[in-house]
Amino acid sequence: MNFTYRTSSPEQTIALGREIGKRLRGGEVLAYRGGLGAGKTTITRGISEGLGLGDEVTSPTFALVNEYRKKDCKISLIHFDMYRITSGEDLETTGFFDYMDEDTVLAVEWSENIDDDLPEDCIRITINRISDDERELTIETCGGDDRFENISY
């Protein structure tokens, strides 16, 4: 299933992410697609808020992976940047597979670089930059998963 939303500011993108985060159960892989500056980290900030983890999200560009955990939250968020990952061997060094469990949401920037290694049921989020502030976000799910339908933000 595909659900498309438009935002007109970073704040609205965060608000959409917050609503997405509230609908996550743990165990999901969010596979982002979108160019530089599209808003992948911005939407992740909102998702983190929606999970109850706060808004202290930063881009994992140089670290490759950032972990967000909180004692009173049952779900953790692991934020990957796969921009420089070009092989399965490279992917192994990030610890990607070690993080996959039911108490974790994985948010993966530049997911197209690891398409062959993503789970079939991953949630794909494509972010298209329309203008400096406007974004079009398409959420693709499989298996009749409609929990991202009719999001108000």
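The backbone N or O of G54 lies less than 3.5 Å from no partner atom in the side chain of K70, so there is not a single donor-acceptor pair. Without hydrogens or angle criteria, Y99 side chain to L77 main chain gives no donor-acceptor distance under 3.5 Å. In this structure, the side chain of D90 engages the main chain of T86 through a donor-acceptor pair within 3.5 Å. A donor-acceptor contact shorter than 3.5 Å is absent between the side chain of N2 and the backbone of E140. Remark: side-chain polar atoms of T138 are not paired, donor with acceptor, to backbone N or O of T4 under 3.5 angstrom. Under the 3.5 Å distance criterion, the side-chain polar atoms of E134 are left unmatched by any main-chain donor or acceptor of I130. A donor-acceptor pair is defined here as one N or O able to donate and one able to accept, closer than 3.5 Å; no such pair exists between the side chain of D146 and the backbone of E149.
Here the options are D81, T126, T44, the test is side-chain hydrogen bond (donor to acceptor under 3.5 Å, both in side chains), and the partner is Y32; only T44 passes. The only option from V57, L30, I14 that meets the side chain to side chain contact (heavy atoms under 4.5 Å, CB included) definition with I47 turns out to be L30.
Under the 4.0 Å criterion applied to side-chain N and carboxylate O atoms, E11 and R45 are not assigned as salt-bridge partners. Note on R124 versus D115: salt bridge recorded, some NZ/NE/NH1/NH2 to OD/OE distance being below 4.0 Å. Note on E19 versus R23: salt bridge recorded, some NZ/NE/NH1/NH2 to OD/OE distance being below 4.0 Å.
Side-chain atoms of T41 and E109, non-hydrogen and from C-beta on, do get closer than 4.5 Å to each other. Residues S111 and R33 are in side-chain contact: their nearest non-hydrogen atoms beyond the backbone lie under 4.5 Å apart.
Connection of I127 to V105 is established within a shared hydrophobic cluster, with ILVMFWY side chains joined at heavy-atom distances below 4.5 Å, either directly or through further cluster members.
How far OH of Y83 is from CG of L64: 13.0 Å, rounded to the nearest 0.5 Å.
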